[in-house]
Amino acid sequence: MAKSGINKQGISRLMRDLQREFDRQGPIHVPVHTAMPELPQLGSGTTVNYNGPVFNGDVSGAQIAWNNETVTQNQPHESAVAAGFEDLARFVTDLLRQLPQVGLSDEDREDAEAAANDVLTEITQPEPEPGRLRRALAMLRGVLAPVAAGVVAGATAGAQEWAHTAITGLS
């Protein structure tokens, strides 16, 4: 049998020394930050004002009643996003907000919305199941792939770049 040239004793000694140093220093904390891409904005940027309140930005948790005589409002409890999935949650929420502007067929849009909601549901679990998350993300990428490839009739201007960025962010 040929010799591999690997110094197994030296490696064992190095591992013992490293472990001894780790034990002496205490726990090591390494912050992890992801670099999720920004989805480009779709459309021409025209603002349409309606006869009612108009919100340009986040209105999280707001309850608005307009032109109602009797109103009953309930504030649903928002689920916390599992640690490490915050960027994905923001990305998928932004994707859902812009999805109606892409130009998908109703069926494809509904599939994409269902898959995105499955992603959000899974990452708000205390311990997200990797298989379910992976399948939901794959479904969402699959619905957006024809837009990114430029083969969807009726897709809006900029939709191809938007879908490509979305697929990259979901990978």
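Side chains are part of it too, since the values below use all heavy atoms of this structure and drop only hydrogens, waters and symmetry mates.
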Does any donor atom in the side chain of Asn117 or Glu113 lie under 3.5 Å from an acceptor atom in the other side chain? no
Leu144 and side-chain contact (heavy atoms from CB on, under 4.5 Å): which single residue from Asp108, Val102, Leu99 fits? Leu99
Heavy atoms only: give me the nearest Pro126-Ala82 pair and the separation to one decimal. O-CB, 4.3 Å
Note: Val81 and Ala89 closest approach over all heavy atoms is CG2-CB, 3.8 Å
In sequence, state the C-alpha distance, the side-chain angles, and the governing distance for Val92 and Ile123, and then conclude on side-chain contact (heavy atoms from CB on, under 4.5 Å). CA-CA 11 Å; Val92 172; Ile123 63 178; 5.9 Å; no
Are Leu95 and Leu140 close enough that some pair of their side-chain heavy atoms sits under 4.5 Å apart? yes
Spacing of CG belonging to Leu18 relative to CE belonging to Met15, to within rounding of 0.5 Å: 8.5 Å
Are any side-chain N or O atoms of Gln160 and backbone N or O atoms of Val147, one a donor and one an acceptor, separated by less than 3.5 Å? no
When rounded to the nearest 0.5 angstrom, what distance separates CZ in Phe91 from CG in Leu96? 11.0 Å
Under the salt bridge (charged side-chain N to carboxylate O under 4.0 Å, His left out) test, which residues partner Arg90, sequence neighbours left out? Asp87
Paired with Asp17, the side-chain hydrogen bond (donor to acceptor under 3.5 Å, both in side chains) test is passed by just one of Gln19, Arg13, Arg20, namely Arg20
Return all side-chain donor-acceptor pairs below 3.5 angstrom for residues 127-137, not counting sequence neighbours, or 'none' if the list is empty.
from, atom 1, to, atom 2, distance (Å)
Arg135, NH1, Gly131, O, 3.4

Those residues at least two apart in sequence (or on a different chain) that pass salt bridge (charged side-chain N to carboxylate O under 4.0 Å, His left out) with Asp94 are Arg97
Step through the shown structure and confirm whether more than 12 heavy atoms of other residues, nucleotides or ligands are within 6.0 Å of CD on Gln25. yes
Determine the minimum heavy-atom distance between Met139 and Ala115, stating which atoms define it. CG-CB, 3.6 Å
Going from CG on Leu120 to OG1 on Thr93, what distance comes out if it is rounded to the nearest 0.5 angstrom? 4.5 Å
